[in-house]
Amino acid sequence: MLGSFRNPLLFSSLIGFLSACSSKQSADLIVHHGKVYTVDSVFSEEEAFAVKDGKILAIGTDSDILVHYSSAQVIDAGGKAVYPGFIDAHSHFGEYGQSLFSVDLFGSTSIEEVVERTKKFATGHPGTPWIFGTGWDQNKFTGKAFPNNTLLSQAFPNTPVTLMRVDGHAMMANDKALEIAGIHPGQTLPGGKVETEQGKLTGILIDNAWRLVAVKFPKPSPADEVAWGLAAQKNCFAQGLTCVADCGINTDQIQAYDSLQKSGKIKMRVYALIMDNPANLAYWIPKGPYHTDRLFVRGIKTYADGALGSRGACLLAPYSDKPAWTGYLLHPIAHYDSLAQALIHTDFQLCTHAIGDSGNRVILTAYGKVLGGTNDRRWRIEHAQVLAPEDIDLFGQYSIIPSVQPTHATSDMYWVAERLGTERIKTAYAYHQLLSQNGWMPLGTDFPVEDISPFKTFLAAVFRVDAKGFPPGGFQKENALSRQEAIQGMTIWAARSEFEEKEIGSLEVGKWADFIILDQDLMDVSSEDVLKTKVLSTWSAGQKVYSAQ
Ligand SMILES: [Zn+2]
């Protein structure tokens with residue numbers, strides 16, 4: 001018998017067995033009595049898990065975990081639903097943070113209201129050298145036409161003021177800002193539009209045109225960047241978000257996130273998509289992807305076209321509400337081809353904003369040429385909003401990943417038929433059809449273009465209604481996702497779209513313990529009650545980062 005113990009494996013397993021009988025394994029945190037949606041490959045439910053060094057050590061039934069593990073910190077989830085922390089696969093986290101410190105124009109119903117809100121902000125922030133605002137939408141104004149800057153320039157003759165449209169694709173600049181940027185009537189440029197009225201500038205600058213003003217913006221101070229990041233993070237944690245993709249940022253902002261995360265100020269995980277410009281590409285392509293516990297840099301973001309709301313989306317046939325106008329591409333087609341060629345030989349992922357059916361076709365074609373067939377490069381098309389029916393299969397053919405934002409469907413539904421007509425709209429916001437192409441699909445919000453709430457994403461994805469419950473029965477309901485698909489889209493599929501599915505996105509042994517406890521269960525809540533869901537607590541790497549009062 002003794003001879004058996006010469007087998008070291010058997011000997012050590014016996015010791016392990018004996019010690020398990022006498023003492024429990026220590027953990028840093030135990031969560032039990034939960035309805036834990038692990039979002040593993042079979043969407044299994046468990047009751048409890050143990051966390052050590054920020055990662056899931058074990059997961060199972062209450063008795064599995066409580067019998068074998070001990071911890072000074074034991075959380076009774078009270079039978080509530082526990083999900084992996086939500087991941088927003090397409091946001092503008094930095095811009096959102098900044099928007100919290102600028103004029104809030106969301107929901108304005110007239111240009112007069114826009115100017116009044118801006119004046120009120122200026123009174124409360126005297127001496128601001130350049131006033132920024134965001135959130136106006138002319139589709140909410142009487143007549144739905146673009147406004148002009150006359151009232152704004154009268155109110156602010158000496159201070160530059162720039163107010164972004166809700167979609168981030170159009171800006172209203174006052175005369176002072178136009179003067180600083182040297183914009184003149186009749187100015188033309190590729191991929192953008194300088195609007196005029198009877199030969200005069202209106203102050204409306206679309207797509208590449210507003211970037212002419214943006215290069216004149218004062219550089220934010222490091223203190224501003226910290227304040228913006230902390231404010232954005234606070235709101236995200238309160239909504240159960242533990243990771244966001246920040247879509248299209250520069251190297252200095254990526255470096256700022258890295259240092260804020262390393263100093264412990266920012267605990268949000270960030271998938272930083274590098275903005276396509278020569279300086280960023282020259283820095284990152286030779287360097288290659290960058291990865292820490294909280295910062296992932298592996299993708300390049302470019303833009304095919306603009307957006308439907310400001311009629312910059314590139315369509316195959318003219319807009320239904322603007323004869324002979326098809327929008328535009330933001331770069332020549334050769335640019336997309338050469339970017340795809342350059343990246344196919346690297347580990348970088350290409351993520352391209354494409355809204356119109358023509359914009360999408362250009363990108364599907366450019367990707368297809370270098371990808372050649374099915375693959376695991378996970379190149380993404382952001383929004384994939386309006387598609388020619390015959391192009392949809394290209395997503396599956398080349399394993400191109402549509403990265404979609406369900407609330408875009410329920411925000412745009414009020415006016416999008418005017419832009420597209422009744423035929424083209426049938427293959428717009430076609431999320432169910434798109435999901436079937438690859439069998440997985442990340443979801444996001446595009447905040448601050450939309451609200452940051454993942455619950456609004458869930459509501460729009462599953463029920464295809466907005467926060468008011470409109471329309472009864474849902475908008476183009478045939479393209480709804482199931483509850484499980486929506487949850488997967490906000491967790492494991494979002495992680496996969498960032499190459500982080502081995503680290504986050506599900507509650508499985510060895511992954512980061514990023515999780516949330518909710519007061520009601522999204523898997524059975526009624527559509528009327530989805531937005532009443534409260535996040536009771538949010539945890540990142542086993543640390544509580546938000547708690548409901
Ligand atoms: Zn975006």
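Residues Asp276 and Lys301 are not paired through a salt bridge, judged by the lack of any N-O separation under 4.0 Å between the basic side chain and the carboxylate. Ion pair Glu501/Arg378 flagged as a salt bridge, since at least one NZ, NE, NH1 or NH2 atom sits closer than 4.0 Å to an Asp/Glu carboxylate oxygen. A salt bridge is defined here as a Lys NZ or Arg NE, NH1 or NH2 lying under 4.0 Å from an Asp or Glu carboxylate O, and Lys80 with Asp519 fails to meet this definition. The residues Arg298 and Asp347 are annotated as not salt-bridged, no charged nitrogen and carboxylate oxygen being separated by less than 4.0 angstrom. With respect to Arg380 and Glu382, a salt bridge is recorded, a charged nitrogen being found less than 4.0 Å from a carboxylate O.
Under the side chain to side chain donor-acceptor pair (under 3.5 Å) criterion, the residue pairs touching residues 233-244 are Tyr96-Asn235, with sequence neighbours excluded. For residues 506-525, the ring-ring contact (aromatic ring centres under 6.0 Å, His included) pairs, not counting sequence neighbours, are Phe49-Phe515, Phe515-Trp539. A salt bridge (Lys or Arg N to Asp or Glu O under 4.0 Å) check over residues 219-233, counting only residues at least two apart or in different chains, returns the pairs Lys219-Asp252. Sorted by first then second residue, the side chain to side chain donor-acceptor pair (under 3.5 Å) pairs that include residues 458-479, not counting sequence neighbours, are Tyr414-Asp466.
Taking the ring-ring contact (aromatic ring centres under 6.0 Å, His included) definition, one finds that Phe395 meets it with nothing, sequence neighbours left out. With sequence neighbours excluded, the residues that form a side-chain contact (heavy atoms from CB on, under 4.5 Å) with Ala467 are Lys456, Leu531.
Side-chain N or O atoms of Arg377 include one that pairs as donor or acceptor with a backbone N or O of Ile344 at under 3.5 Å.
Proximity of Val297 to His291: side-chain heavy atoms (C-beta onward) are nowhere separated by under 4.5 Å.
Within 6.0 Å of NZ on Lys55 lie more than 12 heavy atoms contributed by other residues, nucleotides or ligands.
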